[in-house]
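Here the structure is laid out as structure tokens; the discussion comes afterwards.
Numbering starts at 1 and runs along the sequence shown.
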Amino acid sequence: MALPKLNNKKKIQRAWTMYDWANSVYSLVITSTIFPVYFNGVTKSDEFGYTVKFFGFDIVNTVLYSYSISFSFLIIAFLSPLLSGMADYGGKKLLFMKIFTYMGSLACVGLFFFDGDNLEYGVICAMLASIGYAGSIVFYNAYLPEIANIEEYDFLSARGFSLGYIGSVILLVVNLFMIQSPEFFGISDGGQAARWSFLITGLWWAGFAQIPFHFLPKNPYNRKVQKSLFSKGYHEIRRVFKEVRETTVMNRFLAAFLFYSMGVQTVMYLAASFGDKELGLPGDKLIVTILIIQFVAIGGSFLFAYVSKLFGNKNSLVIMVFIWVFICVAAYFVISEYQFYALAFVVGMVMGGIQSLSRSTYAKLIPPDTIDHASYFSFFDVTEKIAIVLGTFSYGLIEQLSGSMRNSSLALALFFFVGLGFLILVKIPKRNLEMSSKVEHA
């Protein structure tokens with residue numbers, strides 16, 4: 001299927017990448033840096049240590065955080081396929097993208113009122129923010145095959161992730177300055193400044209999202225609802241699921257993506273907690289670690305897009321998965337601050353690359369003659385969410401059973417090895433490239 005007619009394709013592509021700029025502040029501020037450190041701080045006490053009461057149950061605070069992430073992504077894993085089918089049938093990708101964006105950004109604003117005494121409220125807000133973020137990404141990713149030619153996928157995907165890293169670092173630096181010098185902003189202490197950072201994150205996310213909301217085509221294939229949107233959406237996603245299930249290359253790639261994403265996403269979400277608990281690093285040094293990852297990841301996204309241009313997507317992904325195995329094993333032996341920084345540098349090199357290249361590789365596997373991009377991408381995103389659920393849950397469970405996050409980190413290497421096995425079996429068919437080229441020049 002040819003690209004829909006776009007009046008200004010380059011402007012639309014730039015607007016599309018700006019959603020990475022908008023939502024990546026959530027990933028950095030809420031999931032990776034300030035909120036995990038703040039959460040650990042306000043849920044730790046002299047009397048009970050790291051143990052907290054959540055709806056009457058005793059649980060370790062970092063384990064609770066791991067489980068809350070798992071549960072939120074489990075919810076979106078169930079919801080997104082049906083919603084994607086509805087979006088494809090009714091041409092409502094942009095509408096659903098807006099709904100989840102506003103849900104997530106408002107939940108970030110709600111975290112301003114979380115102070116540790118209202119633990120259940122804070123965890124629920126964090127989960128709603130996570131659901132909003134994960135839900136919006138499904139429909140955002142689905143625009144890639146509709147606004148770009150297939151040879152543009154890798155670098156456009158990398159550009160989006162790079163903008164996300166840059167934008168989130170800018171806001172994080174502002175938030176850190178606010179936390180380190182609260183009196184400059186008329187704020188009483190660093191804890192209150194952290195809560196302000198959650199509010200600002202929500203406003204940034206919703207505010208910059210207006211750029212893609214304005215420029216992205218609302219219904220590029222002019223699809224109209226003729227019957228029940230719910231029932232037709234269900235039938236739409238069932239049809240696509242059958243096609244995905246019967247396509248060997250997609251099955252193998254999604255299996256590979258599931259296992260190596262279990263490692264990648266868990267590192268993203270729990271790296272700060274590892275540095276805090278296993279190395280005893282203070283909050284400011286944990287933030288420095290995350291900044292190292294973000295800055296290096298900007299170049300890493302484009303580096304591996306270039307590697308894929310030279311050697312192909314599959315070989316580029318294989319190289320990165322090998323590096324991730326090294327990272328997991330090395331984390332088990334890290335004992336000093338500077339070793340942790342060095343490991344963060346390596347993580348940054350492959351973090352952006354594996355995310356952006358996974359997205360563009362999957363886009364190349366979607367049949368060129370389809371317009372059901374949200375439905376196809378829902379299986380990619382559901383796979384990622386299930387990976388987060390399994391990865392973070394496993395990480396928390398191993399820590400709970402063994403008493404050490406180091407053992408959890410070592411277990412992640414096994415996920416990468418399994419993912420590597422499936423990845424080696426993937427053969428990206430040239431027919432997708434050839435058919436796309438014929439359609440685009442027809």
Side-chain angles (χ1 to χ4, degrees), residues 17-42 65 68-69 72 97-116 118 121-137 140 160-214 268-269 272 283-284 286-291 293-295 297-298:
T17 61
M18 283 301 295
Y19 190 68
D20 262 311
W21 172 284
N23 72 46
S24 292
V25 295
Y26 163 80
S27 295
L28 186 58
V29 175
I30 305 298
T31 65
S32 299
T33 55
I34 296 177
F35 183 72
V37 174
Y38 175 81
F39 181 86
N40 285 355
V42 298
Y65 186 61
S68 67
I69 294 171
S72 64
M97 185 176 165
K98 288 180 179 180
I99 290 171
F100 280 103
T101 295
Y102 292 135
M103 176 197 299
S105 59
L106 286 173
C108 290
V109 171
L111 286 173
F112 175 79
F113 302 100
F114 171 50
D115 59 7
N118 50 353
Y121 166 81
V123 171
I124 289 171
C125 278
M127 288 173 58
L128 287 174
S130 179
I131 291 170
Y133 171 78
S136 68
I137 288 293
Y140 166 63
F161 273 101
S162 294
L163 272 178
Y165 290 130
I166 295 169
S168 55
V169 164
I170 290 172
L171 184 61
L172 179 61
V173 169
V174 172
N175 288 339
L176 289 179
F177 181 58
M178 188 166 59
I179 292 170
Q180 295 295 323
S181 305
E183 65 284 349
F184 182 83
F185 297 89
I187 299 173
S188 60
D189 55 46
Q192 188 181 36
R195 297 204 307 274
W196 273 103
S197 73
F198 308 149
L199 186 148
I200 295 169
T201 296
L203 296 178
W204 175 293
W205 184 1
F208 281 107
Q210 301 310 307
I211 298 173
F213 289 169
H214 178 74
M268 285 178 60
Y269 282 95
D284 57 342
L286 293 174
I287 302 298
V288 168
T289 305
I290 301 299
L291 284 174
I293 293 174
Q294 295 294 115
F295 278 120
I298 295 169

Show me the side-chain donor-acceptor pairs of residues 101-116 shorter than 3.5 Å, one per line, residues at least two apart or across chains.
unit_1	atom_1	unit_2	atom_2	d
Thr101	OG1	Tyr19	OH	2.8
Thr101	OG1	Met97	O	2.7
Tyr102	OH	Gln210	NE2	3.0
Ser105	OG	Thr101	O	3.0
Ser105	OG	Tyr102	O	3.2
Asp115	OD1	Asp117	N	3.0

Exercise. Would you check if Ile170 and Val25 make a side-chain contact, meaning some heavy-atom pair closer than 4.5 Å?
Key: no
Practice problem: Determine the minimum heavy-atom distance between Tyr133 and Ser27, stating which atoms define it. | Solution: OH-OG, 3.0 Å
Exercise. Say whether, by atom type as modelled, one donor and one acceptor occur between the side chain of Ser24 and the main chain of Trp21 under 3.5 angstrom.
Key: no
Quiz item: Do the non-hydrogen side-chain atoms of Val29 and Phe35 ever get within less than 4.5 Å of each other?
Solution: no
Exercise. Measure from the side-chain N and O atoms of Ser130 to the backbone N and O of Ala126, and report whether any donor-acceptor pair falls under 3.5 Å.
Key: no
Self-check item: Spacing of CG belonging to Asn23 relative to OG belonging to Ser168, to within rounding of 0.5 Å
Solution: 9.5 Å
Quiz item: What pair of heavy atoms forms the shortest contact from Ala129 to Trp205, and how long is it?
Solution: O-CH2, 3.9 Å
Quiz item: Once you round to the nearest 0.5 Å, how far does OG1 of Thr201 lie from CG of Leu28?
Solution: 8.5 Å
Exercise. Output the distance between atom CD1 (Ile124) and atom CG (Asn118), rounded to the nearest 0.5 Å.
Key: 10.0 Å
Quiz item: If you measure from OH on Tyr38 to CD1 on Ile30, what distance do you get to the nearest 0.5 Å?
Solution: 11.0 Å
Quiz prompt | Contacts of type side chain to side chain contact (heavy atoms under 4.5 Å, CB included), residue Ile200, not counting sequence neighbours | solution = Leu171, Asn175, Met178
Self-check item: Side chain to side chain, Asp20 and Tyr140, heavy atoms closer than 4.5 Å
Solution: yes
Quiz item: When you look at Phe198 and Ile34, which way does the side-chain contact (heavy atoms from CB on, under 4.5 Å) test go after all the steps?
Solution: CA-CA 9 Å; Phe198 308 149; Ile34 296 177; 3.7 Å; yes
Quiz item: Roughly how far, to the nearest 0.5 Å, is the CD1 atom of Ile131 from the OG atom of Ser136?
Solution: 12.0 Å
Quiz item: Would you say the side chain of Phe39 lies within less than 4.5 Å of the side chain of Val123, judging by non-hydrogen atoms?
Solution: yes
Practice problem: Starting at CD1 of Ile187, measure out to CD1 of Ile179 and round the result to the nearest 0.5 Å. | Solution: 9.0 Å
Exercise. Answer yes or no: is there a side-chain heavy-atom contact under 4.5 Å between Pro182 and Gln192?
Key: no
